[in-house]
Each structure stands twice: as C-alpha cells, then as structure tokens.
Amino acid sequence: MVSRVIPVEDFDLVIFGGTGDLARRKILPALFRRFQAGQMTPESRIVGAARSEMDSAGYRKDVRAALEEFLDKDRPKAEIDDFLERIDYVAVDATGDGGWDELSKLLRKGVTRAFYFSVAPSLFGALAERLHQHGCAGPKCRIVVEKPFGRDLHSARELNKTLRDHFSENQIYRIDHYLGKETVQNLMAVRFGNVLFEPLWNAHYVDHVQITVAESVGVDGRGAYYDKSGAMRDMVQNHLMQLLCLTAMEPPARFSPDAVRDEKLKVIRALEAVPPADIVRGQYVSKSKGESYLDQVEDPGSRTESFVAMKLQVSNWRWAGTPFYLRTGKRLKARHTEIAVIFKDAPHSIFGQSLGRHRNVLAIRLQPNEGMDLFVTIKEPGPGGMRLVDVPLDMTFADALGPDAADVPDAYERLIMDVIRGDQTLFMRGDEVEAAWAWTDPIIEGWEDTGDRPKTYEVDSTGPEEAAMLLHREGRRWREIAN
Ligand code: NAP
C-alpha cells in the first residue's frame with residue numbers, strides 16, 4: 001500500500017520558540033517529514049523565532065543538529081539541505097518590540113500564515129497582541145497554541161478572551177497531540193464507518209470502558225513544572241478527556257469540525273461530579289535513592305499526584321449505568337495507552353457454565369504498536385468437550401494493510417498540515433476546554449481543601465492498590481498494562 005499525500009497550499013509558518021525543546025524534538029522533525037513526503041510547496045517557508053541572537057545560517061545549523069538527533073531514519077543529507085533552504089530565523093522578543101518589523105517583512109502577502117506558539121503559556125497573550133500591532137495577522141492567518149491551556153477554568157477563560165481579542169475562534173488551533181494519532185481517528189472510522197459496532201455501543205451491551213494512559217518514565221527533568229500541575233491537570237483534563245469524548249460521543253451529522261466538537265462538548269457536559277470514593281491519587285516511591293517522586297521535585301512534602309484512577313459516569317440515555325474507568329500515571333510498569341470497550345456477558349450460556357470469564361473486548365491501542373484487537377470467544381480446538389477461549393482478531397495496521405501502513409505520519413505531522421489546510425476537526429474548541437476545566441476544578445479544589453495526600457505506589461507497578469480496588473469492589477478488574 002502506498003500512502004497518499006494530499007498536497008497543501010503555499011504557507012509561511014513561524015515557530016515562536018523555534019529554538020526550544022518542543023520545536024527541536026517534534027515540530028521541526030514533523031515538518032521535515034512532510035517536506036520529504038512532498039507536501040510542502042517549493043515556495044513555502046518556515047521561520048524560527050526566539051530571543052536568542054543569531055542569523056538564519058546559525059539557526060539552520062541548529063535545525064540540522066535537531067533533525068540528526070530526533071529523526072530515527074530516512075534523513076539523507078541532500079534532502080535536509082533542501083529543507084534547510086526553506087528556513088529563516090528572526091530574533092524576536094514576545095514581550096518587547098525588537099525583531100517584529102523584520103518578521104513582518106519576511107512574511108509574504110496572500111499566502112496562508114501559521115504562527116505556532118511553542119513558548120511558555122504566559123507569553124501567548126503578548127504574542128497575539130504583537131502579531132496584530134505589527135500587521136502580521138490577517139484573515140488567512142492561524143495561531144497554534146500548545147498545552148497547557150490554562151491551569152483552571154478562570155485562567156482558561158482569560159486566555160480564551162485574550163486570544164479572541166485578536167483572532168476569531170476559527171483561527172485558533174488548540175493542539176492536543178493525542179487527537180492526531182492514527183488510532184484515534186480510526187476509532188471514529190470503526191464506530192461510524194461500520195454497521196457492526198454502533199448498535200452495540202451503549203449501556204445495553206457495554207459493561208464498562210477502560211481508558212489507560214500509562215507512562216514508564218517519571219517526571220525526570222520536568223519536576224518543577226510537573227509538581228505545579230500533577231496528573232489531573234497534565235493528562236486527565238486534556239488527553240484522557242478527549243479520548244473519553246471520542247469514545248462516548250453521539251454520531252456527529254458529518255465529519256466536520258463543529259459537528260464533531262459539538263458532540264464532544266455534550267459528553268463533557270453530561271459527566272457527573274465524581275465522589276471522592278471514586279477517585280484514587282497516587283505518587284510513586286522507589287527503594288532506589290533519587291528515584292521517588294519526592295526526590296525529583298523541589299518540595300519534599302509535595303502532595304501532587306503522579307497517578308490518577310477514577311470511575312466516571314456519563315449521564316445520558318446512551319451510557320446510563322455503564323461506568324468509564326480512567327487511569328494515568330508515571331513510572332508504571334510499561335508505556336501503554338489504550339481504550340478498551342468491555343462488552344457484557346451473553347445473556348444465557350448454552351454451555352452449562354457461566355460465560356462471565358469470556359467477554360468480547362474491543363481494545364484500541366494508541367501506543368505502542370497502534371492498532372486494534374477485537375477479542376471473540378471461540379471453542380478451544382481439540383477433543384475434550386466444549387472449552388472456550390478468547391482470541392484476538394488482530395488489526396495491527398502493518399499486518400492488515402502492508403508495511404507502509406505502519407509508516408503513518410506522526411501526530412504532529414498530521415496536525416500541522418491540518419492547520420495549513422484550515423481543518424479544525426482535531427483541535428479543541430474554546431468552549432470544550434472551558435467545560436473540561438469546569439468539570440476538573442471542583443475535584444482539584446476538593447483535594448486542596450481537605451489536604452488530600454496521594455497514596456504511594458512502587459515504581460514499575462500498576463499503581464496504588466486502591467486503584468485496583470476501584471474495579472474489584474464491583475467485580476471487575478483493570479486490563480494488563482503491558483508493552
Ligand atoms: P523550552 O524548551 O523552554 O523553549 C522555550 C522557547 O521559547 C525557546 O525557544 C525560547 O528561546 C523561547 N522564548 C522564551 N522566552 C521568549 C520570549 N520572551 N520571546 C520569544 N521567545 C521566547 O520550552 P518547550 O519545552 O519547547 O515548550 C514550549 C511550549 O510547548 C510550552 O508551552 C510547553 O508547555 C509546551 N509543550 C512542550 C512539550 C515538550 O515536550 N517540550 C510538550 C507539550 C507541550 P529564547 O530563550 O532564545 O527566547
């Protein structure tokens with residue numbers, strides 16, 4: 001199978017924070033890959049912008065080094081040379097006036113302009129304001145805003161207001177890279193492109209849903225940032241909430257930005273408040289020196305959670321009575337992200353035994369090895385009576401569609417090209433982000449008010465024992481966390 005590349009129009013893309021970690025690790029390699037795939041027109045330009053004083057030649061050297069470090073394969077020198085010719089650099093201070101005139105002169109008239117805000121969120125407002133002041137913004141202009149989008153409802157509202165003072169909602173692209181993953185879009189294809197699943201996708205047939213985003217890494221060098229955030233703000237409010245919405249939403253009338261985002265918003269609004277008994281927070285500990293969470297952050301008495309598990313109820317006709325269990329954490333036994341839909345038992349067993357142990361499960365893997373497994377119950381081959389066994393109908397994309405299928409664009413590649421195309425379907429709308437914070441805030445405030453202390457869990461485990469109990473008490477259990 002050969003992947004189909006849909007060319008995008010001519011563009012100028014400015015990366016504010018073009019010398020930073022995200023630009024070097026994700027944005028520039030993603031752009032190079034799209035260039036390699038033939039998606040960038042020869043006239044399209046990329047401009048790096050940050051305070052550091054250097055010229056374009058100096059920046060190109062930095063970009064080359066970043067590509068060599070972060071592209072694992074396929075980086076022929078000639079192609080990198082070609083790519084670098086499309087790159088410029090301007091020294092700009094988001095909070096000052098230096099460099100703006102030079103930047104505005106570099107931008108071409110009449111072509112799509114995208115400004116990627118890959119800087120600290122405290123600079124988003126200043127950037128938006130200066131883009132306007134210096135005549136860089138216009139109708140064909142878009143801004144891309146990285147997470148975190150606020151740290152509570154109040155700050156998210158303020159940020160939305162500041163951005164909307166200068167740009168309309170259809171020019172603001174709030175990025176959540178989980179939405180750019182191939183499997184996430186496949187979830188929609190599976191749900192809404194087949195007749196098989198949608199009739200069963202409700203409380204009558206689904207026993208419960210599990211969404212797991214397990215990381216094996218700890219806070220590492222990000223301790224200072226992470227300790228002010230925690231798993232609830234860093235992962236649940238955005239990534240897990242988005243996965244939940246796509247799993248639980250009603251079929252949109254069409255696959256268009258507002259139709260999809262309207263349905264996601266309804267899910268967030270239908271979430272019931274979560275009682276404290278339905279949430280478990282955790283913090284990792286290790287017997288090895290320097291490996292515990294508290295060794296890696298500044299505050300030795302920090303109560304920030306590196307793990308959250310919770311039971312949610314989506315209160316609408318489709319999902320009444322079917323719980324959604326979410327969990328995410330750092331330093332868990334494996335890196336593993338999946339959405340698993342666990343269907344109910346068959347209503348009657350003709351085999352003289354309960355079928356309870358054997359259930360259909362649709363497991364959608366986001367990482368590693370993006371793909372899907374549909375577990376069906378069959379007879380174990382051989383003599384000796386009717387013994388049942390669950391086998392996966394494996395839909396690993398590479399096996400089903402050929403090796404090229406595994407070589408799908410990374411989430412950033414897809415999302416940046418969507419910005420250029422002007423497609424907001426996979427970006428969060430302002431009201432969605434606010435609704436997610438409105439649901440998250442009371443939970444976090446409750447912890448702060450009561451001085452709640454996270455339970456401890458061993459590194460390389462599956463999280464605190466209490467998280468297992470969330471399901472055990474209801475006769476369920478978490479799926480394995482495994483590579
Ligand atoms: P970083 O490594 O600290 O880079 C920050 C960038 O901003 C640098 O290029 C810096 O260059 C520039 N900068 C700082 N102050 C500036 C100013 N006043 N005017 C213009 N440029 C300025 O940060 P990062 O990790 O790349 O993160 C960037 C954004 O992405 C943050 O909002 C972060 O939360 C978000 N994010 C990052 C990741 C990640 O994996 N790194 C993941 C998700 C989201 P100079 O010092 O030369 O100005």
Side-chain angles (χ1 to χ4, degrees), residues 22 114-128 142-181 184 211 213 225-226 228-249 252 256-274 308 310 312 314 324 326 328 411-412 415-416 418-419 422-445:
L22 184 69
F115 298 99
Y116 202 125
F117 292 8
S118 181
V119 293
S122 56
L123 297 175
F124 292 170
L127 281 178
R142 285 139 210 181
I143 58 170
V144 185
V145 186
E146 264 295 339
K147 83 165 204 186
F149 197 90
R151 58 172 283 110
D152 53 22
L153 176 59
H154 175 73
S155 53
R157 272 196 184 136
E158 290 287 302
L159 186 50
N160 271 334
K161 188 176 163 316
T162 310
L163 297 180
R164 287 187 195 129
D165 281 345
H166 304 286
F167 297 93
S168 59
E169 181 62 36
N170 65 12
Q171 295 179 297
I172 305 171
Y173 289 70
R174 295 172 195 81
I175 213 162
D176 182 330
H177 70 274
Y178 271 61
L179 295 184
K181 288 183 181 290
V184 168
I211 301 180
V213 180
Y225 158 77
Y226 190 88
K228 292 196 182 69
S229 165
M232 192 71 179
R233 286 192 173 98
D234 193 50
M235 299 297 288
V236 177
Q237 185 274 343
N238 39 57
H239 304 320
L240 277 89
M241 188 61 65
Q242 289 296 319
L243 299 182
L244 167 74
C245 286
L246 293 170
T247 310
M249 72 182 186
S256 71
D258 278 333
V260 171
R261 297 185 302 175
D262 286 346
E263 296 307 334
K264 280 164 47 194
L265 180 61
K266 286 185 206 161
V267 174
I268 305 176
R269 290 190 174 149
L271 286 177
E272 283 179 18
V274 189
V308 185
M310 59 175 72
L312 302 189
V314 182
F324 284 70
L326 272 49
T328 181
Y412 275 90
L415 293 173
I416 295 171
D418 279 356
V419 173
D423 184 346
Q424 290 186 303
T425 312
L426 301 175
F427 295 83
M428 292 177 294
R429 209 168 52 191
D431 52 1
E432 253 186 278
V433 178
E434 288 183 17
W437 280 121
W439 177 81
T440 314
D441 275 1
I443 299 173
I444 297 175
E445 282 161 15

Among L312, V308, T328, whose side-chain contact (heavy atoms from CB on, under 4.5 Å) with L240 holds?
T328
Salt-bridge criterion met for D431 and R261 (N-O under 4.0 Å)
no
On a heavy-atom basis, the closest approach of A156 and V433 is CB-CG1, 4.5 Å
Kindly give the heavy-atom pair with the smallest separation between P252 and A259, and that separation in Å.
CB-O, 3.7 Å
Are E169 and Q424 close enough that a side-chain donor and a side-chain acceptor fall under 3.5 Å?
no
Can you tell me how far CE of M241 sits from CD1 of I211, rounded to the nearest 0.5 angstrom?
9.5 Å
Testing the 3.5 Å rule here: is there a donor-acceptor pair between the side chains of R174 and N160?
yes
Looking at K161 and E158, does any basic side-chain N land under 4.0 Å from a carboxylate oxygen?
no
Geometric class of the Y173/F427 ring pair [parallel <30°, tilted 30-60°, perpendicular >60°]
perpendicular
Are side-chain heavy atoms of Y116 and V419 found at a separation under 4.5 Å?
no
How far apart are the closest heavy atoms of G150 and W437, and which atoms are they?
O-CZ2, 3.1 Å
For the atom pair CD (E434) and NE2 (H154), what is the distance rounded to the nearest 0.5 Å?
11.5 Å
Atom pair CD1/CD of I268 and Q237 - distance to nearest 0.5 Å:
8.0 Å
For residues P148 and P121, determine if any side-chain heavy atom of one lies less than 4.5 Å from a side-chain heavy atom of the other.
yes
Closest heavy-atom pair and its distance - S256, T425
C-OG1, 3.9 Å
Under 4.5 Å between any side-chain heavy atoms of M232 and M310, yes or no?
yes
Let me confirm one number: the CE-CG distance from M428 to D176, rounded to the nearest 0.5 Å.
4.5 Å
Working for side chain to side chain contact (heavy atoms under 4.5 Å, CB included), residues H177 and Y412:
CA-CA 6 Å; H177 70 274; Y412 275 90; 3.7 Å; yes
Return the CG to CG distance between D423 and D418, rounded to the nearest 0.5 Å.
5.0 Å
Is any side-chain heavy atom of T440 closer than 4.5 Å to a side-chain heavy atom of L153?
no
Can you check whether I143 reaches F117 side chain to side chain, under 4.5 Å on heavy atoms?
yes
Closest contact, heavy atoms only, L243 versus T247:
O-OG1, 2.7 Å
Checking side-chain polar atoms at under 3.5 Å, does T162 have a donor or acceptor matched by the opposite partner on D165?
no
Name the residue from L163, I175, N238 that meets the side-chain contact (heavy atoms from CB on, under 4.5 Å) definition with F149.
L163
Hey, could you give me the CZ/CD distance between R164 and Q171, rounded to the nearest 0.5 Å?
12.5 Å
Compare all side-chain heavy atoms of R151 with those of K228 and state whether any distance is below 4.5 angstrom.
yes
So which atom in V119 and which in F124 form the shortest heavy-atom distance, rounded to 0.1 Å?
O-CE2, 3.3 Å
Would you mind reporting whether F324 and V314 have side-chain heavy atoms less than 4.5 Å apart?
yes
For R429 and E432, what are the C-alpha separation, side-chain angles and deciding distance, and is it a salt bridge (charged side-chain N to carboxylate O under 4.0 Å, His left out)?
CA-CA 5 Å; R429 209 168 52 191; E432 253 186 278; 5.3 Å; no
If the threshold is 4.0 Å, N to carboxylate O, is there a salt bridge linking R233 and D152?
no
Assign the ring pair Y178 / H239 to parallel, tilted or perpendicular, where the plane angle (0 to 90°) is split at 30° and 60°.
parallel
